[in-house]
Amino acid sequence: QVQLVESGGGSVETGGSLTLSCTASGYIRGPHCMGWPRKRPGQNREGVAAIHNDGTASYADSVKGRFTISQDAAKNTLYLHLNNLKTEDTAMYSCAADWLPGLPCDADTVIAGAQKWGRGAQVTVSS
């Protein structure tokens, strides 16, 4: 059974940094796209970042230059490095994986295409 397990969430002050990890298990062939959507309080889920299995990354405009998505295929782990955090980054960040190559791999389409989701990691940024 495929599982995605996030870790690394927490509370930081404005301008701080965190790194989220998502460890995947239970599959033979890796997903073609993985991403980190988030859900902010009172808002719909939104795309943050995604990465294709060829290493191509995609970011929402709101996080470009501050967040970096990366993956370690050997460890079956996806990362999201969050820098220069703002209060508006407070959200539940979930790991999502898409095995079907029918959709492009970007921060928004990974939400629609994902077949598996992790339970999420809470990030809270205070001023």
Not counting sequence neighbours, list each pair that qualifies as a ring-ring contact (aromatic ring centres under 6.0 Å, His included) and has a residue in residues 46-70. His32-His52
Quick check against the 3.5 Å criterion: does [X] have a side-chain atom that pairs as donor or acceptor with the backbone of [Y]?
X     : Y      : result
Thr77 : Lys75  : yes
Thr68 : His81  : no
Glu6  : Arg119 : yes

Min side-chain heavy-atom separation [X]-[Y] under 4.5 Å:
X      : Y     : result
Ile51  : Thr56 : no
Leu85  : Thr14 : no
Val123 : Leu20 : yes

List the atom pairs, with distances to 0.1 Å, where a side-chain N or O of residues 87-104 and a protein N or O form a donor-acceptor pair under 3.5 Å, not counting sequence neighbours.
unit_1, atom_1, unit_2, atom_2, d
Asp89, OD1, Arg38, NH1, 3.0
Asp89, OD1, Arg66, NH2, 3.0
Asp89, OD2, Arg66, NH1, 2.7
Asp89, OD2, Arg66, NH2, 3.4
Asp89, OD2, Lys86, N, 2.8
Thr90, OG1, Thr87, O, 3.0
Thr90, OG1, Val125, N, 2.9
Thr90, OG1, Val125, O, 3.3
Tyr93, OH, Arg38, NH1, 2.9
Tyr93, OH, Asp89, O, 2.7
Asp98, OD1, Leu100, N, 2.8
Asp98, OD1, Gln115, NE2, 3.0
Trp99, NE1, Arg29, O, 2.6

If every non-hydrogen atom of [X] is compared with every non-hydrogen atom of [Y], which pair is closest and at what distance?
X     : Y     : result
Ser70 : Leu78 : O-CD1, 3.4 Å
Gly47 : Ala60 : O-CB, 3.4 Å
Lys39 : Asn44 : CG-C, 4.4 Å

Group every Ile, Leu, Val, Met, Phe, Trp and Tyr by side-chain heavy-atom contacts under 4.5 Å, then state whether [X] and [Y] land in the same group.
X     : Y      : answer
Leu4  : Ile111 : no
Tyr79 : Ile69  : no
Val63 : Met34  : yes

What do you reckon, is CD of Glu13 surrounded by more than 12 foreign heavy atoms closer than 6.0 Å? no
Would you indicate whether Arg40, at its atom CZ, is surrounded by more than 12 heavy atoms from other residues, nucleotides or ligands within a distance under 6.0 Å? yes
Establish, for the pair Arg45 and Trp36, whether the NZ or CZ atom is under 6.0 angstrom from the six-membered ring centre and no further than 45 degrees off its axis. no
One should read off an interatomic distance between Cys22 SG and Leu80 CG, to the nearest 0.5 angstrom, of 10.5 Å
Nearest 0.5 Å, what's the CG-OG distance between Asp108 and Ser58? 7.0 Å
The salt bridge (charged side-chain N to carboxylate O under 4.0 Å, His left out) partners of Asp61 (sequence neighbours excluded) come to Lys64
